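Take a look at the structure set out below.
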Amino acid sequence: MNTAAERKHTFFANTVADEQEYVSKTIYNVDHFNLWYGDDQALYDVTLAIPENQVTAIIGPSGCGKSTFIKSLNRMVELVPSVKMNGSISYAGQDIFSSGYKVEQLRTDVGMVFQNPNPFPKSIYENVAYGPKIHGIRKKKVLDEIVEKSLKGAALWDEVKDRLQENASGLSGGQQQRLCIARCLAIEPDVILMDEPTSALDPIATAKVEELVQSLKKDYSIVIVTHNMQQAARISDKTAFFLNGEVVEFEHTDKLFSNPEDRRTEDYITGRFG
Amino acid sequence: MEVNVKNMIKQKETNRFFLRFTEKAAPVFFLLCAAISVLTTIGIILTLLVETTAFFSRVSFWEFISGTEWWPFGENPTYGVLPLIAGTMLITAIAMMVALPIGLASAIFLSEFASEQTRKIVKPVLEVLAGIPTIVYGFFALTFVTPVLNTFIQDLPVFNALSPGIVVGVMVIPMVASLSEDALRSVPNSMREAALAMGSTRLEVAMKVVLPAALSGIIASFVLGISRAIGETMIVAVAAGSTPKLTWDVTESIQTMTGYIVQVSLGDASYGSTAYYSIYAVGMTLFIFTFMMNILSQYISRRFKEDY
């Protein structure tokens, strides 16, 4: 983080090489991606590269397409029947929209945490064990281990270890959101997409989730959508600023918040609109 | 001219008396309407109780609930209700074997797999099925289903339990499907999204997330379906025959509680005779059955209600 400001910036993270020979691999490559809901275009020519094992924040005002973008990364956007797209998004070198690409495999490798905590109406244990179970892991002992490890990974273990069989709806909002993160970790994804994960949480719960995001980034690549600019500044390595469906600027976070290139970015981060 | 809202409201004050009257009168009117159905229920239960008491002054309660012969129209009439209960159970069991799997599968299809367009066509068709008069189903059972079954089962009598059982099941399908679909659809989409985002297939989402989450509503729909089958009258009256029999053989002619009541009310027994009073005792038994089913369904929906 502290060296990020000194880094030279280029549009593609995989070609970034700063003074310290810093090279980050690209996990997602988005290339001239356009998306429509019916006749309304929601994303215009989005081109950016998401680095591996870093936190990439997506900021922008409401309706700028940031949620649409993150949902395109695991093809959840296709649940809207009228959606149309062109351009390409490749994950780990493969075009995720190519025919024959298995969407279930993509979503196994790329986990997602939603805006509102959405635990299943099952026990805490069953919530975490759900993912491993549908992917064929049945042994009780193995599942026990996965549940403990995932809950520890989501910094929730100490709070729930004595009531794993209780219904998840009894947890507080912040705990539910960390449970959803644990559920996501249970199938060991490579990427975690987070769509405004703290917007329904109080400040203390938010701080816990942010702390968690920081600790997760050594093992996971994280893409986080947030309407909270301070949050983006606090936790991300790179930030993309979306406006009206376009990427205005994609930069190292320190650079984007201290010395933005684009006038519109500056107006937004200084609070002139949005 | 400027609009002065304050003055306009003041002028309307003059109409306040009428407003205040309707404000008081309307709830009373609504209460009366609600009271009609409550009073009717009480009236029905009272009638049943009075006439049933009259019946039990002639026939012992023990004979009624433990007797295995139901033969009210002979030299030595016997009033053992078990054959009628067995007939009702037999029809209900066959009907549920048809209605539960087909109804639930249709509900899952409509809620989880059908496109909006397909749903728009299939749902109204299901509702038409629910709107067909049961007497039509009865003749469908007698003149179509029974002959078809006859080609598979040799020596199937014209009146048998199997054919009306199947048709009662068909009749109950829309009810089970529609109520189960409501239960499935009330599971919030965020559950489906969560499961899909973990790499579940749509079938896994339907069977492992949505179905368990909607279980209370689905079971309640099953219980209501059972209750509907127990109370179904015309289909069994037309196609099941009128031979009360304590049997589990589906190819035999049987009689259900409802079927017996129809037979007697059509004039087979004179007013005031024991056979006449017996229909109230049977009606009471029937009422207790369906009443318990409804209580059970309410209990299940409350007890197993999921919080999302």
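Just so we're clear, the structure is a prediction, and the values are computed from it rather than from any experiment. The chains referred to below are lettered A, B, ... by the order of the sequence lines, with proteins before strands, and numbering in each begins at 1.
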Check each atom of Glu193(B) against the heavy atoms of chain A and say whether the ones under 4.5 Å are side chain, backbone, both or neither. both
Select one option (side chain, backbone, both, neither) describing which atoms of Val110(A) are under 4.5 Å from chain B's heavy atoms. backbone
Nearest heavy-atom pair of Pro212(B) and Lys122(A): which atoms, and what distance? CG-NZ, 4.5 Å
Just give me the residue among Lys133(A), Met76(A), Lys71(A) that pairs up with chain B most often, heavy atom to heavy atom, under 4.5 Å. Met76(A)
Rounded at 0.5 Å granularity, tell me how far CZ in Arg75(A) sits from CG in Leu196(B). 12.0 Å
With a cut-off of 6.0 Å (strictly less than), are more than 12 heavy atoms of other residues, nucleotides or ligands near CG of Asn7(B)? yes
Atom CD of residue position Glu78(A) - does it have more than 12 heavy atoms of other residues, nucleotides or ligands inside 6.0 Å? yes
Write down the atom of Ala197(B), the atom of Met112(A), and the distance for their closest heavy-atom approach. CB-CB, 3.9 Å
Heavy-atom count around Tyr101(A) OH within 6.0 Å, excluding the residue itself: above 12? yes
Got a second to check how far Asn74(A)'s CG is from Met198(B)'s CE, nearest 0.5 Å? 12.0 Å
How about Arg107(A): does its CZ atom have over 12 heavy atoms from other parts shown lying under 6.0 Å from it? yes
Is it the case that over 12 heavy atoms from other parts of the model lie below 6.0 angstrom from the CZ atom of Phe113(B)? yes
Please identify, among Leu193(A), Ile187(A), Thr108(A), Ile134(A), the residue contributing the most non-hydrogen atom pairs under 4.5 Å to chain B. Ile134(A)
For the residue pair Phe114(A) and Ala194(B), what are the closest heavy atoms and their distance? CE1-CA, 3.9 Å
To the nearest 0.5 Å, what is the distance between OH on Tyr130(A) and CD on Glu204(B)? 6.0 Å
For Glu127(B), does the CD atom have more than 12 heavy-atom neighbours from other residues, nucleotides or ligands under 6.0 Å away? yes
Considering residues, nucleotides and ligands other than Lys149(A), do more than 12 of their heavy atoms fall under 6.0 Å from its NZ? no
